[in-house]
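Scope of the values below: all heavy atoms of this structure, side chains included, with no hydrogens, waters or symmetry mates.
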Amino acid sequence: MTRMLLILALVPLPALASIENPAHIIPAINGVAEVEGGDALTAYTDHSTWLAEAGGTVTIDFDSIASGTVITTQLDPYGISYVSGQSGGGVSIDQIVLSSSELPFPMFTAGDLPTEPNFISNDMSSPYYATGEITFELNHTSKAIGAYVADGSPLGDFCIEVFDGGTSLGTITVEPRTLPGDAFVGVVSDEVFDSAKFYASSTTDSWGLDNLELNDTTDLYSRTWGAVKTVCF
């Protein structure tokens, strides 16, 4: 009689996320996690690993923009046609570039940003306190976007949701992002997207973004020099 040996392979838990979670939302583990089902997304908490997968990128450090500037279309030379957002309470509010030396409350410690002094956040004044979500509409399609979360005491996880023509391709969720050492969050998508929404899982969490970076597919010759010089390959 011939005996048949059956070998059972243990499947890592993250690979089962699409079965257990129909929303395709899973946390990044050790800096990387793939979101299965539909259009696959991969979450990153390590910038260098994300950059290796993202390819050519353009970085917006906000330091050339005057502190106090309300941002709508000013990022167009970098590939972002429009910026909008809502507070944690669902109210449409302004997105503002601010210096870390001018914080109205201690959201993080000045000097901890990856590049000082400026960052972008939702309105930090009462009653909004930089809570909620920020959406970046792109003037070209992209497969990767990421940023450093400007938060010194996060209240929970952090998320990025990407869209193509208004249709969600999925959401990545990573563990709390904290300046200065563990602040990066990024996503790479198998399919192109044309907008991305950044938000904290807690609607009462105050946060901002610095060094916003996205995969760039536009013609460099159509750019101003200020935008071109930030492209990395």
Side-chain angles (χ1 to χ4, degrees), residues 28 31 43-52 54 57-72 74-75 77-80 83-85 87-88 93-125 128-136 144-160 172 174-187 196-202 204-216 226-227 229-232:
Y44 295 83
T45 55
D46 178 76
H47 177 260
S48 61
T49 307
W50 173 85
L51 187 61
T57 64
V58 59
T59 301
I60 309 169
D61 61 18
F62 305 104
D63 294 328
S64 62
I65 301 173
S67 179
T69 301
V70 175
I71 299 299
T72 53
Q74 293 91 331
L75 305 183
Y78 303 94
I80 296 174
V83 181
S84 61
S87 70
I93 55 176
D94 289 336
Q95 291 67 56
I96 303 172
V97 167
L98 193 65
S99 170
S100 63
S101 65
E102 300 174 337
L103 297 176
F105 59 89
M107 190 166 74
F108 60 87
T109 302
D112 282 351
L113 293 173
T115 56
E116 290 283 351
N118 291 355
F119 67 101
I120 189 171
S121 74
N122 279 336
D123 189 344
M124 294 189 71
S125 66
Y128 309 119
Y129 301 112
T131 63
E133 60 190 45
I134 301 178
T135 297
F136 300 98
I145 193 167
Y148 288 82
V149 180
D151 192 351
S153 53
L155 302 180
D157 296 338
F158 200 85
C159 310
I160 304 175
I172 60 101
V174 300
E175 59 269 24
R177 303 287 76 209
T178 307
L179 285 174
D182 297 303
F184 181 77
V185 57
V187 61
K197 179 171 67 177
F198 288 69
Y199 63 98
S201 59
S202 171
T204 60
D205 198 355
S206 302
W207 58 275
L209 297 173
D210 194 22
N211 282 20
L212 178 66
E213 192 169 358
L214 64 152
N215 170 246
D216 185 33
K229 67 182 181 180
T230 64
V231 177
C232 305

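- Using a 4.5 Å heavy-atom threshold, the side chains of Asp63 and Pro117 count as touching.
- By the side-chain hydrogen bond (donor to acceptor under 3.5 Å, both in side chains) test, Asn122 pairs with Gln95, sequence neighbours left out.
- Ser202 and Asp205 are not linked by any side-chain donor-acceptor pair at a separation below 3.5 angstrom, with hydrogens and angles left out of the test.
- Under the side-chain contact (heavy atoms from CB on, under 4.5 Å) criterion, Ser121 pairs with Phe119, Met124, Ala130, sequence neighbours left out.
- With rounding to the nearest 0.5 Å, the separation of OG in Ser84 from CD in Glu133 is 8.0 Å.
- The closest side-chain heavy-atom distance from Leu113 to Phe62 is not below 4.5 Å.
- For Asp210, the side-chain hydrogen bond (donor to acceptor under 3.5 Å, both in side chains) partners at least two apart in sequence or on another chain are Thr115.
- In this structure, OG1 on Thr49 lies 8.0 Å from OH on Tyr44, to the nearest 0.5 angstrom.
- In this pair, Phe158 and Phe198 present their aromatic rings tilted. The plane angle is within the 30 to 60° band.
- In this structure, CD1 in Ile80 is found 5.5 Å from CD1 in Ile145, a value given to the nearest 0.5 Å.
- We find the CD1-CD1 distance between Ile160 and Ile134 to be 11.5 Å, quoted to the nearest 0.5 Å.
- In this structure, Leu179 and Ala150 approach most closely via the heavy-atom pair CD1-CA, 3.6 Å.
- Every side-chain hydrogen bond (donor to acceptor under 3.5 Å, both in side chains) that Ser125 has, sequence neighbours left out, goes to Asp123.
- Taking 4.5 Å as the limit, every side-chain heavy atom of Ile120 sits out of range of all side-chain heavy atoms of Leu212.
- Side-chain contact between Asp182 and Thr45: absent, with no pair of heavy atoms (C-beta onward) separated by less than 4.5 Å.
- How far OG1 of Thr59 is from OH of Tyr78: 10.5 Å, rounded to the nearest 0.5 Å.
- Side-chain contact between Val83 and Thr135 is absent, with no heavy-atom pair separated by less than 4.5 Å.
- Within the 4.5 Å cutoff, the side chain of Asp94 has no heavy atoms near those of the Tyr128 side chain.
- Evaluation of the side chain to side chain donor-acceptor pair (under 3.5 Å) test over residues 96-105, restricted to residues two or more places apart or in two chains, returns Ser67-Glu102, Ser99-Ser101, Ser100-Glu116.
- Applying the side-chain hydrogen bond (donor to acceptor under 3.5 Å, both in side chains) criterion to Ser64, with sequence neighbours excluded, gives no partner residue.
- Atoms CD1 and CD1, from Ile65 and Ile71 in turn, are 4.0 Å apart once rounded to the nearest 0.5 Å.
- Applying side-chain contact (heavy atoms from CB on, under 4.5 Å) to Tyr148 and the options His47, Arg177, Glu213 leaves one that passes, His47.
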